[in-house]
There are 2 protein chains.
Amino acid sequence: MATDQAKSEQRTDAYEQFEDRIERITNVGNAAGILRWDQEVVMPEEGTPARAQQLSALSSISHELLTADETGELLEQLEAGETTESSREASGEAASSDLAEERQAAVREVRRKYDRETSVPQELVEEISETTANAHPTWKQAKEEDDFEQFAPTLEKLVELKREYANHIDPDADPYAVLFADYEPYLDLETAEQVLEQLRDELVPLIDAIDDSDVDLATDTFAGEFDDDDQEALARDVLDSLGYDWGRGRLDTAPHPFSSGTQFDARVTTRFEEDDLLGSLTSTIHEFGHANYTLGLPDENYGTPLGESRDLTVHESQSRLWENHVGRSQPFWEQFLPTVADRFAELEDATPEDAYEAANQVYDDNLIRVEADELTYHLHIVIRFEIERDLISGDLAVEDVPEAWNDKYEEYLGVRPETDAEGCLQDIHWSHGSFGYFPTYSLGSVLAAQLYAAAEDDLGDLDDRIEDGDFDDLNGWLRENIHQHGKRYTTPELIEQATGEEFTADYFLEYAKSKYGELYELEGY
Amino acid sequence: MATDQAKSEQRTDAYEQFEDRIERITNVGNAAGILRWDQEVVMPEEGTPARAQQLSALSSISHELLTADETGELLEQLEAGETTESSREASGEAASSDLAEERQAAVREVRRKYDRETSVPQELVEEISETTANAHPTWKQAKEEDDFEQFAPTLEKLVELKREYANHIDPDADPYAVLFADYEPYLDLETAEQVLEQLRDELVPLIDAIDDSDVDLATDTFAGEFDDDDQEALARDVLDSLGYDWGRGRLDTAPHPFSSGTQFDARVTTRFEEDDLLGSLTSTIHEFGHANYTLGLPDENYGTPLGESRDLTVHESQSRLWENHVGRSQPFWEQFLPTVADRFAELEDATPEDAYEAANQVYDDNLIRVEADELTYHLHIVIRFEIERDLISGDLAVEDVPEAWNDKYEEYLGVRPETDAEGCLQDIHWSHGSFGYFPTYSLGSVLAAQLYAAAEDDLGDLDDRIEDGDFDDLNGWLRENIHQHGKRYTTPELIEQATGEEFTADYFLEYAKSKYGELYELEGY
């Protein structure tokens, strides 16, 4: 096999040089991905000091390759050549037009990253990196000791640094919008805000109505103590059932489940808790959705943006679609409950309806985002979004975060945290300096509903197929409309092509009202 | 944590720039090590295409960093500055003298690699890399079909390419000596040849005497069928017993057991075959020896040659010392047999003497190197050494390899392979283009005996301690005399410092004659 450099010498034109460079950067990034998987899943506990240095070296190499003058020069050459490509396109060569489109997309994606990474001074990048490295233990201890004040100075510092970071990237833009674009580059913040407002405005009354409902759903379907090994066997069953490609994947455990990898090797992790069989199952299905997206990326574009997944909104749409629209559906439990009962005699007498109800319980007193149901979840996100947006704009002082947090929980969810540990210290994200990440969770759910509706529009009602354990049509639709495109289209373009419409929360709200209106027998839903 | 580049800006002098550069190269290499471990142990089978690209990218980056002009300039600056260091040394600053010695060692090691890598044209490196990539499947198929002629053209090509490679590195030297130095850079080929000749000359009559002996050793001690899971539990027992540091290690399975990693994370792999409990155990102990060496490297020198293990002879001395001098000793079986019997009722009635005998059986009809006993093993190596040396010098034509192979087996071991699959096609090494690797296996065994004798010279007889399962003194001696030095000393310096003598086969032959003379009740031994 030729080395990178050999290839580089064979390829003479600018695009091929560009592609070699990008492939190298991607391969370094993917190597780092394996090192991080290893660290979370199999690394011995004392391996950290060496691993930190290995990851830091790969990250520096990747940054230097991306921000090198050569990258900028190649981008300029390729952008200047676009008119030539377009005129060739106009001459009606279909293959060449497709190629031109692919190349333009790759150039667009790299340009975006190049501009962002070259605009932030290296010293600031390092200061953020050092501050977040130290912020993690500080946050952890503050949470353990339920003492926001311990974390406040660090949070203050991170807010300032990230504002400065945003200002380097675009001094004329709203800094929070710039930060948000690190996680979702193509849906603008205005769209995100509208969606989140709509969720808040329509979910609060829906949840109120549920609170007022006299219906008692089955809650103890999955009550019991479940052995880890049996839970693992069941997790493998559910992945088998959904069609996970074991030739390109594996299942392991991690304290915070994640999936990672490439189209050749996309791995799932999950967790097992003795008293939470349902939580483990839904987490496994969620991570399957992520890995299944990765596995659908085109092999032949490995190493370039065309072979990489779109950003967090689209990724989360895939995990939520499988977790919620499939895994929390009545037909899924019709099909899958017997498999659960085969593993766990405790569930022999449960009905699919019991399982469906237990999987869709709406909790009126939950304070913790990661334990939230499908509806209240979004209010947890809205609260974080509103607070971090105001923190970055300066409208909210760090010291006022706990009160603002608690007030919003009371207002939107009718519960007030009694401690910061159960309140504004519960999530790790801010200690990573990740402001603007939270909204993508809700945007992903919203997109999942829109995609699922479009898929049923094209394929007809999917319930019977899910009840038969036949996911081929659904997955084929996702492959064709989402996965295979990689980063060829921007997020709005991809959504429009897949669904024929702009991004909208209407399908999610329709789905939520209809499903929960029926479950809780709500008037007017 | 500061990134590499930040560190680089803080450090201004040449040595610190040099160290940053070397640390980065080391970290890239260690990242590749994790990717290879992953590939052998956990990677899904279809992950290969992406993994090959990731490893190729890391390898190119590492090569470019090492052979860059900046590396050469820093080396020159540091070498020119050595007199300054020496004069500072002369002023009697002990700490500074130690520092100067460390730096000189690091410069020596990097200079050696720099000179070798810069002297070979990149096109030749790539041609070798492509040829070996294709050679592997060709060799595999030839072996499966027992047809040397299928592999002969590839072997011919590899011999030519490696001759050319050696000629670029040193046109005045014996090409085989240059190739040998890729695996053992500091023990010259003449020394290696003398040792191998001495082994051949003294082991052939010893093995003949054993063949003639009427003594029947216990052979069926470990006969039976052993469950994989129980074998794994026993492998963990033996690693516990030897003092493996699980906080910095782990045990997994791999088709071809290996160990890899750094002082922070040195992992062992082993294999389990239902009918070969003893083989799995000795393989585990062997790999423990490698990993235990790695774990003894100084933490504070991670990333530089001072924090890296010496080359293959020394590494193999560590695995062989634990495998043979500990794991095949009578006191070891006194101590460990009850643990085996706890796991496997089949061994309840076995005596330590039975186990000791079974572990030291000399086979007079074995054709396969990896299944050889502690004595005949070296004749397998001598044969390979003599053949590959003559191949590279041109004294032996590729087409004549099978006959030469078979003749030597008949001459040295009294057995003649009936097929090439069991003959000259059995090992993978030549398909990798690895000529000069085989001798290091025997050199390692020889050194193991010399080190073990020196350790007993310093610590007194170790049998009682091994029988008590107390390996602290032995391991402490190895830590102090071998492990902690990393690449500070050359191989001959290290041996001389640890044992007070030059490298010699005398201890190994003494050990072999005394042990096997007693086991087989040989006259005159």
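A note on names: the letters A, B, ... follow the listed sequences, proteins ahead of strands, and every chain is numbered from 1.
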Side chains of B:Gln263 and A:Glu46, heavy atoms from C-beta outward: is any pair under 4.5 Å?
no
Using non-hydrogen atoms and a 4.5 Å limit, figure out which bit of B:Trp246 sits close to chain A: side chain, backbone, both or neither.
backbone
How far apart are the closest heavy atoms of A:Asp265 and B:Gly47, and which atoms are they?
CB-CA, 4.3 Å
Sub-3.5 Å donor-acceptor pair from the side chain of B:Arg250 to the main-chain atoms of A:Val42, do we have one?
yes
Decide, yes or no, whether a salt bridge links B:Arg24 with A:Glu64 under the criterion of side-chain N to carboxylate O below 4.0 Å.
yes
Please tell me if the side chains of B:Asn27 and A:Leu58 come closer than 4.5 Å, counting only heavy atoms from C-beta onward.
no
For residues A:Gln53 and B:Asn30, determine if any side-chain heavy atom of one lies less than 4.5 Å from a side-chain heavy atom of the other.
no
Is B:Ile34 close to A:Arg51 at the side-chain level, that is, under 4.5 Å between some pair of heavy atoms?
yes
Minimum heavy-atom separation for B:Pro44 and A:Gly247, please, with both atom names.
CB-O, 3.3 Å
With the side chain counted from C-beta on, respond yes when B:Thr262 and A:Gln54 share a heavy-atom pair under 4.5 Å apart, and no when they do not.
yes
